Trainee: 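Take a look at the following structure, please.
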Amino acid sequence: MRTRERHFVRPLLRSAPGRGELSPAERAVPSYAPPSLPRYRSFPMSTDFRTTVFLPQTDFPMRADLPNREPRLQARWQEIGLYERLRETAKGREKFVLHDGPPYANGHIHMGTALNKILKDVVVKNQQMLGKDAPYVPGWDCHGLPIEWQIEQEYRKKGMDKDAVSIADFRRECREHALRFIDIQRGEFIRLGVSGDWANPYTTMAFDAEAGIFRELSKFLLSGSLYRGKKSVMWSVVEKTALAEAEVEYHDHTSVTIWVKFDIVRPSHAELEGAKAVIWTTTPWTMPANRAIAYGPLMDYAVITVQAVGADSLAKPGERLLLGLDLIEEVAKAAGITEWSTGPVLKGTALEGTIARHPFAGLEGGYGFEVPLLSADYVTTDQGTGLVHTAPTHGEDDFNTGLKYGLEIPDTVAGDGTYTEEAPGFVGLHVFKAAEPVIEALVAREALLARGTLVHSYPHSWRSKAPLIFRATAQWFIPMDGEDHLRQKALAAIDTTRFVPARGKNRIRSMVESRPDWNISRQRSWGVPIAVFVEKASGAVLRDPEVVERIAQAFETEGADAWWTRDPQFFLGDRYRLEDFEKIDDILDVWFDSGSTHATVLEQRPELKWPADLYLEGSDQHRGWFHSSLLESCGTRGRAPYDAVLTHGFVVDAEGRKMSKSLGNTLSPMDLMKTHGADILRLWTVSSDYAEDIRIGKQVLDGTADAYRRLRNTLRYILGNLAGFNETERLEVEKMPELERWVLHRLTDLDRAVRELNASFDFAALYKAIHDFCAVDLSAFYFDVRKDAFYCDSKDSLRRRAARTVLDYLFDCLTAWLAPVLVHTAEEAWLSRHPDADSVHLRRYPELPAAWRDEALALKWQRVREIRRVITGALELERKEKRIGASLQAAPVVHVLAKDESLLKGIDMAELAITSGLELSTAPAPANAFKAEDVDGVAVEPRLAAGLKCARCWQVLVEVEQSSNGICQRCEAAVAKVAA
RNA sequence: GGGCCCGUAGCUCAGUUGGUUAGAGCGCACGCCUGAUAAGCGUGAGGUCGGCCGUUCAAGUCGGCCCGGGCCCA
């Protein structure tokens, strides 16, 4: 590791502490350089030798102008059919398949999509250049709610009624909408420089995809893994539909609250004899659906005996009420109970097995069932009574408790919000008008303890703004723990999958461990139908491979619309009669669609393979695509559809906050295309640590643009100094100076980094290594040192030939290594040097000769550069004192140890330090010589170079004093050769 | 509220099994060059490693709490 010298110590001061403070000028004036002398002199009658200097020549401009240049390169790629050429070139090679997670075909791309696609493109191009055949088939997720919304919104604008449109017409419009945004996004991805089979992407709405998705569903159907169950969903009684979380908004709502007494009919504990369990609810209308009372097993309860009550109290003295210990006061206050006595404390677990009676028991002959007290861990003491009214139909927790204890899940409320026959006494009544009738019935049966109102946050429909209800509805599921043991298979698959970063494994694992059965149905229109029939008599779902095949074939030729446009009897064939069956019109959740792409795309397209080598998506997809693909594939094929999963974080703003329209901190990738260009965005992508959240903002982008300029100028310097290079000029490595061989050694370091860091997907480290190599090793050192040889050596000088040969290798390596990221700039540079070439992207990473590697040389040159740093440090002080400007005005004496002297044998330190002369000495350094704090054994006495400045190479040499035209002997020879 | 995770110089990142004055590049400041020039070179200044408490001879590295932030759930 190189460290920069930072603290220069003046030994003079150290050795003479008693002299007191000296001014900087006093300290710095050495006796050997009288300040009165001119800083340097040139030959009096020098002619202009500029034209004889081999200055860099290139048409590769310093200014990138990416916003204009990139589209031109992209057009060229299109013309030459780059993607097809890539496939051709790589034919027969080992495949590397990154399977594209399909973005949703709605709206324009955002920063996150851009980041994702760029990372994918970098991975794919790296693998291709590492020698694999890396096809990339982009895809789109096309079905689903957001597109339905868009179309419905257009209807509303036109004043049309959605229900008046046929489902086929509606689906056609959804399809056209998706198609439109596929085109838009495709153009945007191409603008980012992403290569892929853009002419033949996959979509989940293609007819063969719809058929394929249905075929995947059928595998679950035929194996018996598809079942119809119920699930509590948010339901709008206005729109008569279930709503997704995204369609729900929360507003304050005033609810009538009630405290209700349930007679305990079978106590589990003597204390409960004759007592009443008290519940509290904000939804009186759910009372007919009550089937249980939940208690907290670890909470404390007690039975109170009412002794005195206030004027309007519904409580009666002598009544015994079971309540949560911490909530007694609060309930007493609400119920107007002024005096009471409290019985012994009962743990929640003591309530186990207690049975109560529904307060409506006997009402119109209904409610005769038992109401058990059940344990639930969500019961709290912050509100209510410590006993929770449980209506399995009307809430997530309630529903889960119902499932857990096998409670009846009644259909008490119809889709329009009216009570069904299963709510005796209230049939036909609308639930939003039910509070008072319910309360009246409770009062009549002496079951009401108190009432009140509460303002709280309550879910409302995003569209109608009407309050929502929870309602259990019929849904389709794939079991996690059925005969197929899907959960176990999925967990096993997770264990054998590589996750990058590794923590992704834990994340998806804990989700799979605890998730409920997979709900795959939606009550919508734009999707692949759950095209199954249920036998009316038995309620069994029809499992007949012939029916399945008829449906699948119809989907293949007509699309999934066939489910609605064809006569259902056609699918059933001759063996079944339609009137015996219920045709299911639910559609599949889009996660099932995209979760099936491994089957509909990887298995179907010959250029791909199953399983994929890699899935690469944002970390939200642990619950999304990684998850659904895993379940689908484990359910149908017994293993994960991928060998490895790479996740990246989210793009956040400069302060680390998420980007959102409401915060006004969003950046559009397409805007950045106009101001910066794709290569800047791509460089930003790889220089960030994608494992975490990725910041972007002005300062970050400015920094990226600076790094880009460094890389670009490195290429430009190489191109400029490589002008006219031809094979006869190439020099064998054995004949090269050590400096050149050191550069080649460094290339082998970088080559290693390219291969290893690409294997670990550690792009940030890789691009820092390349950038630092360009900045530190090349620009600040090698290029600076070799400028003299490039510009002034005669063209046949071995030194110059060696250096130009190295530039040639550098160019080959850097253009290849940068190509996956700076896709445009690398191409531009490559074509600048090889105008007849096809594309830099058709290349592979160069295979470097093993002989270039020379660890001993690297170690030696680490020391050489340390010594050099002491010299540049010394010169800097001279510069500060205005004794020199350019380093060529100096010819320092460098005092070194004997071991360093032998180390430097054959190395021209003056050349490396860019001084006109340099004397190496093992004699003890004078006390005032410069030393670097962190470099031992080196001291530098700065001296001015003697002689005159060569008018051509600008070195200050004594020999120039003898020259007739003001140039040195080397330049004389070089000029003569040019003239000849 | 729960699960997973993050917080090292202005920015982007390194910091190995806890062990000498915490590193790099960029940016910044100052200076140089004017034959890479809307370039190039050199030198320098920047960090109580989010905060607090603890474990330890020793903590950026381990533990707890808090603050800030992200994703996914509720």
Side-chain angles (χ1 to χ4, degrees), chain A residues 1-8 49-58 62-63 245 378 380 396-397 501 503-511 513-515 618-624 627 647-658 683-684 686-689 691-695 697-707 709-710 712-721 762 764-765 767-769 771-776 779-781 783-785 787-788 790-792 869 871-882 884-889 914 933-934 952-954:
Chain A
M1 187 65 28
R2 293 172 303 279
T3 51
R4 203 170 50 168
E5 70 278 24
R6 297 190 137 185
H7 311 289
F8 284 93
F49 284 95
R50 205 176 199 292
T51 53
T52 72
V53 176
F54 310 122
L55 294 178
Q57 286 181 341
T58 176
M62 185 148 70
R63 295 267 290 150
E245 185 59 46
Y378 51 80
T380 65
E396 189 89 46
D397 286 338
R503 65 177 95 108
K505 183 174 281 202
N506 294 333
R507 188 164 172 183
I508 194 168
R509 181 166 239 290
S510 62
M511 287 178 191
E513 271 170 350
S514 60
R515 64 155 301 143
S619 61
D620 57 334
Q621 298 305 324
H622 285 106
R623 184 163 289 277
H627 198 115
T647 53
H648 56 79
F650 276 65
V651 181
V652 294
D653 72 8
E655 275 74 49
R657 253 176 281 276
K658 69 170 159 191
L683 189 58
W684 163 78
V686 295
S687 57
S688 307
D689 179 5
E692 294 174 28
D693 291 329
I694 301 155
R695 293 181 187 221
K698 186 182 185 306
Q699 195 174 9
V700 178
L701 282 168
D702 285 350
T704 309
D706 284 331
R709 269 181 233 117
R710 172 63 63 150
R712 184 176 181 92
N713 274 321
T714 300
L715 293 174
R716 181 171 141 89
Y717 180 95
I718 295 172
L719 282 167
N721 289 104
D762 191 352
Y767 284 89
K768 177 157 171 58
H771 174 271
D772 289 3
F773 172 66
C774 289
V776 180
S779 189
F781 181 49
F783 288 175
D784 211 29
V785 168
K787 230 166 15 172
D788 173 74
F790 290 135
Y791 294 1
C792 300
R869 262 183 279 122
I871 301 170
T872 54
L875 296 184
E876 186 60 21
L877 285 187
E878 292 307 290
R879 203 168 271 137
K880 204 149 242 169
E881 301 307 329
K882 302 292 178 199
I884 62 166
S887 58
L888 282 177
Q889 291 166 244
I914 319 183
E933 201 181 49
D934 60 341
R952 184 162 173 275
C953 72
W954 296 350

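A note on names: the letters A, B, ... follow the listed sequences, proteins ahead of strands, and every chain is numbered from 1. Computed from a predicted structure; not experimentally measured. Atom set for the values below is all heavy atoms of this structure, side chains included, hydrogens, waters and symmetry mates excluded.
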Trainee: Using only modelled atom types and a 3.5 angstrom limit, is any donor from either the side chain of A/S779 or the base of B/rA36 paired with an acceptor on the other?
Mentor: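 It does, because a donor-acceptor pair links the side chain of A/S779 to the base of B/rA36 below 3.5 Å.
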
Trainee: For A/A705, what residues pass the side-chain contact (heavy atoms from CB on, under 4.5 Å) criterion, not counting sequence neighbours?
Mentor: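 So A/A705 forms a side-chain contact (heavy atoms from CB on, under 4.5 Å) with A/I680, A/R709.
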
Trainee: Which nucleotide in the set B/rC11, B/rA36, B/rG27 lies at the smallest distance from any side-chain heavy atom of A/R716?
Mentor: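 So the side chain of A/R716 is nearest to B/rA36.
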
Trainee: Considering only the P atoms, how many Å lie between B/rC26 and B/rC62, rounded to the nearest integer?
Mentor: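 It works out to 31 Å between them.
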
Trainee: What residues form a side-chain contact (heavy atoms from CB on, under 4.5 Å) with A/D788, not counting sequence neighbours?
Mentor: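 Only A/C792, A/R799, A/C953, A/Q955, A/R970 meet the side-chain contact (heavy atoms from CB on, under 4.5 Å) criterion with A/D788.
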
Trainee: Taking only N and O in the side chain of A/K787, is any of them less than 4.0 Å away from OP1 or OP2 of B/rC33?
Mentor: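 Negative; the distance criterion is not met.
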
Trainee: Does B/rC32 have a Watson-Crick or wobble mate here (both distances under 3.5 Å), and if so which one?
Mentor: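 B/rG40 is the nucleotide pairing with B/rC32.
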
Trainee: Under a 3.5 Å cut-off for both distances, is B/rG1 Watson-Crick or wobble paired, and to whom?
Mentor: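 WC or wobble partner is B/rC73.
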
Trainee: Is the shortest side-chain N to carboxylate O distance from A/K880 to A/E876 below 4.0 Å?
Mentor: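 Here A/K880 does not pair with A/E876 in a salt bridge, since their nearest N and O are not under 4.0 Å apart.
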
Trainee: When rounded to the nearest Å, what value does the distance between C1' atoms of B/rA29 and B/rA45 take?
Mentor: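 The same atom, C1', in both gives a distance of 7 Å.
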
Trainee: Side chain of A/A886 only, heavy atoms from C-beta on: which candidate in B/rC71, B/rG70, B/rC33 is closest?
Mentor: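 Closest nucleotide among those given: B/rC33.
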
Trainee: Could you please name the option among B/rC13, B/rA36, B/rG42 that lies closest to any side-chain atom of A/N713?
Mentor: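 Nearest listed nucleotide: B/rA36.
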
Trainee: Nearest-Å distance, CD (A/E881) to P (B/rC32)?
Mentor: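 Rounding to the nearest Å, CD of A/E881 and P of B/rC32 are 12 Å apart.
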
Trainee: Look through every strand shown and name the nucleotide pairing with B/rC62 as Watson-Crick or G-U wobble, where both distances are under 3.5 Å.
Mentor: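 Pair assignment: B/rC62 / B/rG54.
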
Trainee: Given that both distances must come in under 3.5 Å, which nucleotide forms a Watson-Crick or G-U wobble pair with B/rG68?
Mentor: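 Result: B/rC6.
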
Trainee: Quick check: on RNA chain B, is the nucleotide nearest A/C792 upstream (toward 5') of the one nearest A/A707, or the reverse? Name the residue that is more 5'.
Mentor: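 Residue closer to the 5' terminus by nearest nucleotide: A/A707.
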
Trainee: Is A/R507 side chain donor-acceptor paired with the B/rC71 base, going by distance under 3.5 Å alone?
Mentor: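 Check passes, donor-acceptor contact within cut-off.
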
Trainee: Taking only N and O in the side chain of A/R710, is any of them less than 4.0 Å away from OP1 or OP2 of B/rC41?
Mentor: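 Yes, such a contact exists.
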
Trainee: So A/F54, base contact, sugar-phosphate only, or nothing? Heavy-atom distance under 4.0 Å.
Mentor: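 Touches nothing.
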
Trainee: Classify the nucleic acid contact of A/G720 as base, sugar-phosphate or nothing, counting any heavy atom under 4.0 Å across all strands shown.
Mentor: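 If one applies the 4.0 Å heavy-atom cut-off, A/G720 turns out to touch nothing in the nucleic acid.
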
Trainee: If you look at every strand shown and take non-hydrogen atoms under 4.0 Å, does A/Y717 touch a base, only sugar-phosphate, or nothing?
Mentor: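 Contact class for A/Y717: base.
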
Trainee: Could you give the distance separating B/rC53 and B/rG70 at their P atoms, to the nearest angstrom?
Mentor: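 Roughly 28 Å separates the two P atoms.
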
Trainee: What residues, two or more places apart in sequence or in another chain, satisfy side-chain contact (heavy atoms from CB on, under 4.5 Å) together with A/S688?
Mentor: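 side-chain contact (heavy atoms from CB on, under 4.5 Å) check on A/S688 returns A/W684, A/I694.
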
Trainee: Whole-Å distance between B/rG42 C1' and A/L875 CG?
Mentor: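 In whole Å, B/rG42 C1' and A/L875 CG are 9 Å from each other.
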
Trainee: Could you check how far CD of A/E655 sits from P of B/rG68, rounded to whole Å?
Mentor: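 Roughly 16 Å, once rounded to whole Å.
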
Trainee: Would you indicate what A/R952 reaches in the nucleic acid, counting non-hydrogen atoms under 4.0 angstrom: base, sugar-phosphate, or nothing?
Mentor: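 Base contact - A/R952 has a heavy atom under 4.0 Å of at least one base atom.
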
Trainee: Would you indicate what A/H622 reaches in the nucleic acid, counting non-hydrogen atoms under 4.0 angstrom: base, sugar-phosphate, or nothing?
Mentor: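 Nothing, no heavy atom under 4.0 Å.
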
Trainee: When the distance from CG of A/D784 to P of B/rG40 is rounded to whole Å, what number comes out?
Mentor: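 A/D784 atom CG is separated from B/rG40 atom P by 11 Å.
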
Trainee: Considering only the P atoms, how many Å lie between B/rU16 and B/rC57, rounded to the nearest integer?
Mentor: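 About 23 Å, rounded to a whole number of Å.
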
Trainee: Between B/rU12, B/rG42, B/rG35, spot the one nearest the side chain of A/T872, thanks.
Mentor: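 Of B/rU12, B/rG42, B/rG35, B/rG42 is nearest to the side chain of A/T872.
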
Trainee: Does a distance-only test, which skips hydrogens and angles, find a donor-acceptor pair under 3.5 Å between the side chain of A/K768 and the base of B/rA14?
Mentor: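 Per atom types, no contact qualifies.
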
Trainee: When you measure from the side-chain N and O atoms of A/R63 to the phosphate of B/rA38, is any distance below 4.0 Å, counting only OP1 and OP2?
Mentor: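 No.
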
Trainee: Who is the Watson-Crick or G-U wobble partner of B/rU16, with both distances under 3.5 Å?
Mentor: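 B/rU16 is paired with nothing.
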
Trainee: Between B/rC6 and B/rG15, how far apart are the P atoms? Round to whole Å, please.
Mentor: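 That atom pair is separated by 14 Å.
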
Trainee: Salt bridge between A/D702 and A/K698, side-chain N to carboxylate O under 4.0 Å?
Mentor: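 Looking at A/K698 together with A/D702, the answer is yes, because their closest N to O distance falls below 4.0 Å.
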
Trainee: Please state how far atom CG in A/D788 lies from atom P in B/rA36, giving the value in whole angstrom units.
Mentor: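 Spelled out: CG on A/D788 to P on B/rA36 is 12 Å.
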
Trainee: For A/R716, what residues pass the salt bridge (charged side-chain N to carboxylate O under 4.0 Å, His left out) criterion, not counting sequence neighbours?
Mentor: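 By the salt bridge (charged side-chain N to carboxylate O under 4.0 Å, His left out) rule, A/R716 matches no residue at all.
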
Trainee: Could you tell me whether the side chain of A/R695 and the main chain of A/A654 form a donor-acceptor pair under 3.5 Å?
Mentor: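 Here the side-chain-to-backbone pair exists.
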
Trainee: Which protein N or O atoms sit under 3.5 Å from an N or O of nucleotides 6-8 of chain B?
Mentor:
| unit_1 | atom_1 | unit_2 | atom_2 | d |
| --- | --- | --- | --- | --- |
| B/rC6 | O2' | A/E692 | OE1 | 3.1 |

Trainee: Would A/K787 and A/D784 pass as an ion pair if we require N to O under 4.0 Å?
Mentor: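 Yes, A/K787 and A/D784 are salt-bridged.
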
Trainee: Take atom C1' in B/rU37 and the same atom in B/rG25, then report the distance between them in whole Å.
Mentor: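 It comes out at 23 Å once rounded to the nearest Å.
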
Trainee: Determine which nucleotide pairs with B/rA45, using a 3.5 Å limit on both distances of a Watson-Crick or G-U wobble pair.
Mentor: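 Check on B/rA45: unpaired, no WC or wobble geometry under 3.5 Å.
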
Trainee: Between B/rG42, B/rU34, B/rG3, which one does the side chain of A/S510 approach most closely?
Mentor: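 Between B/rG42, B/rU34, B/rG3, the one nearest the side chain of A/S510 would be B/rG3.
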
Trainee: With rounding to whole Å, what would you report as the distance between B/rU61 and B/rU20 at their C1' atoms?
Mentor: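 Between the two C1' atoms, the distance is 16 Å.
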
Trainee: Could you check whether A/R50 makes a cation-pi contact with A/Y791, meaning its NZ or CZ is under 6.0 Å from the centre of the six-membered ring and within 45° of the ring axis?
Mentor: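 Judged by the rule (NZ or CZ under 6.0 Å from the ring centre, within 45° of its axis), A/R50 is not positioned above A/Y791.
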
Trainee: Taking the C1' atom in each of B/rU21 and B/rU48, what is the distance between them to the nearest angstrom?
Mentor: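 15 Å, rounded to whole Å.
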
Trainee: Kindly write out the residues that satisfy side-chain contact (heavy atoms from CB on, under 4.5 Å) with A/K505, not counting sequence neighbours, or none if the list is empty.
Mentor: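 Per chain and number, A/K505 pairs via side-chain contact (heavy atoms from CB on, under 4.5 Å) with A/I494, A/F499.
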
Trainee: Relative to the 5' end of RNA chain B, which residue comes earlier, A/S687 or A/L55, by the nucleotide with the nearest heavy atom?
Mentor: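 Residue closer to the 5' terminus by nearest nucleotide: A/S687.
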
Trainee: Among B/rC11, B/rA38, B/rG25, which is the nearest nucleotide to the side chain of A/Q699?
Mentor: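 It is B/rC11.
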
